[in-house]
Amino acid sequence: MKEGVLVFDKSTGRYDIRFNIDEYYGGLHCGDCFEVLINNEWKPTCIEMSNEWYLVGINTTNLLGLRVRK
């Protein structure tokens, strides 16, 4: 698995994973699954969209900068 951080791509309106300065996952879509680091523990989740983007089973309103691995 590769670790990175969640970033928002304004041009597509989607979140993406930035693995390093010039390497990206390529854009996340509804239902894409990965793990997110919460309280020093990796938790499985999927990204979904309602009125806003959210992570299933993760209680946060700010996705920017979250450490993830896929």
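Given the structure is predicted, the values throughout are model-derived calculations rather than measurements.
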Judged by atom type as modelled, is there a donor-acceptor pair below 3.5 Å linking the side chain of N39 to the main-chain atoms of E41? no

Looking at G26, is its backbone amide N or carbonyl O close enough to the side chain of D16 to form a donor-acceptor pair, meaning the two atoms are under 3.5 Å apart? yes

Looking at N59, I'd like to know if its CG atom is crowded, meaning that more than 12 non-hydrogen atoms belonging to other residues, nucleotides or ligands lie closer than 6.0 Å. no

Please go through I38's hydrophobic cluster and name the other residues, only I, L, V, M, F, W, Y counting, with side-chain heavy atoms under 4.5 Å joining them. L6, F8, Y15, I17, F19, Y25, L28, F34, V36, I47, M49, W53, L55, I58, L63, L64, L66, V68

Straight-line distance of C46 SG to Y54 OH, nearest 0.5 Å: 10.0 Å

Interatomic spacing from CD in E35 to NZ in K43 - rounded to 0.5 Å: 11.0 Å

Check: R14 and H29 side chains under 4.5 Å, non-hydrogen atoms: yes

Between E3 and R67, does at least one N-O distance fall below 4.0 Å, as a salt bridge requires? yes

Checking N62 against T60 for the side chain to side chain donor-acceptor pair (under 3.5 Å) test, could you report, in this order, the C-alpha distance in whole Å, the side-chain angles of both residues, the deciding distance, and whether it holds? CA-CA 6 Å; N62 186 8; T60 185; over 6 Å; no

